[in-house]
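I have placed the structure first, in the form of structure tokens, so that the comments after it can refer back to it.
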Amino acid sequence: MPELPEVETVCRGLAPFLEGRRLVHVEQRRPDLRWPFPADFTQRLTGQRIIALRRRAKYILAELEDGTVLIVHLGMSGRLLITQGRPAELEKHDHVVLATEEDVWIRFNDARRFGAMDLATLETLDGHRMLAGLGPEPLSNAFSGPILAASLAGKRTPIKAALLDQRVVAGIGNIYACEALYRAGISPRRLAASVQGIRAERLALAVKQVLAEAIAAGGSTLRDYRQADGELGYFQHSFQVYDREGLACVTPECGRPLLRLVQSGRSTFYCARCQR
DNA sequence: GTTAATACCTGTTCGC
DNA sequence: TGCGAACAGGTATTAA
């Protein structure tokens, strides 16, 4: 389930193989993922040099030499597989295949097809429907306690749901929403509007810490990608509450069983004692 | 205008 | 063992 840290890890892992490289092969193997590909998708990419690879929220952005920007979203099951040389055979759900002049092959594999690819230009990027309206990058100075508090003011929805709202802060998914709330000691059921002052400060800090630690953990797995055939998209990371229903709260003086509840159709994991 | 529910998709897990 | 139901979840769309 790629959230911001996983996407950042994928981006960093791909950059050495793609930045400054020319795409000599672009193969689109079905008409759509979550949405249809642009009609001229392969034509606009083939032969282009990639100038830079970067991330915005959960999107990977590849800037091409003519100003085109390839937008990639991994959805929830999207993976990018890197091989030196053409793969002997493609796997099921390999939907897009790219190759560089250096004979590096990259496959976008996405069983559930919640992923997406689209094209924009540097000029139209900010207004692109996938990117317009995104909130601040949580790891940047554009995100802080006061900014979060202002964004939550008046919101009559649980704080958990608000954290998943990409307009409030970009890049957080279900897992890191749970983890950040646990770390901040805030109940997922708390009204978003009531997260102000010191609580908003704690939550903003928790979001930054949880994401930064996950990126650091992902970075340590990148070394392995560079050696063996790379599968970018997931990495193992240990969570304090996510998917730990019934297990003991890790806070030393607590140890109570963690609970699960469903909020707007999503599982939330939390400790009723440590989170208020 | 805001918030909640639903659709999309398929591999995996669980209960019978 | 086999089968079907439930579940996972990011985001656009629809409903309330």
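Order of the sequence lines fixes the chain letters, A, B, ..., with proteins taken first and strands second; residue numbering starts at 1 for each chain.
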Hphob cluster co-occupancy, Leu33(A) + Leu119(A), side-chain heavy atoms under 4.5 angstrom: yes
When all nucleic acid strands are considered with a 4.0 Å heavy-atom cut-off, which category describes Arg113(A): base, sugar-phosphate, or nothing? sugar-phosphate
Using a heavy-atom cut-off of under 4.0 Å over every strand shown, decide if Gly173(A) touches base, sugar-phosphate, or nothing. sugar-phosphate
Would you say [X] reaches [N]'s phosphate, i.e. side-chain N/O to OP1/OP2 under 4.0 Å?
X	N	result
Gln166(A)	dT11(C)	yes
Thr157(A)	dA4(B)	yes
Lys155(A)	dT3(B)	yes
Arg30(A)	dC9(B)	no
His73(A)	dG10(C)	no
Lys92(A)	dT10(B)	no
His93(A)	dC9(B)	no

Counting side-chain heavy atoms from CB outward, which of [options] is closest to [X]?
X	options	result
Arg34(A)	dG10(C), dT3(B), dA8(C)	dG10(C)
Arg156(A)	dG10(C), dC9(B), dT3(B)	dT3(B)
Ser267(A)	dA7(B), dA8(C), dA4(B)	dA8(C)

Can you find an N or O donor on one side and an acceptor on the other, under 3.5 Å apart, linking the side chain of Arg129(A) with the base of dA12(C)? no
Determine whether any donor atom in the side chain of Arg112(A) lies under 3.5 Å from an acceptor atom in the base of dG10(C), or the reverse, and answer yes or no. no
On DNA chain B, more 5' by nearest nucleotide between Ser264(A) and Phe114(A) is Ser264(A)
How about CZ on Arg156(A), more than 12 heavy atoms from neighbouring residues, nucleotides or ligands closer than 6.0 Å, or not? no
Does any non-hydrogen side-chain atom of Thr46(A) lie less than 4.5 Å from one of Leu23(A)? no
Could you tell me whether Arg113(A) sits above the aromatic face of Trp35(A), with NZ or CZ closer than 6.0 angstrom to the six-membered ring centre and within 45 degrees of the axis? no
Backbone of Leu139(A) reached by a side-chain donor or acceptor of Glu137(A) within 3.5 Å: no
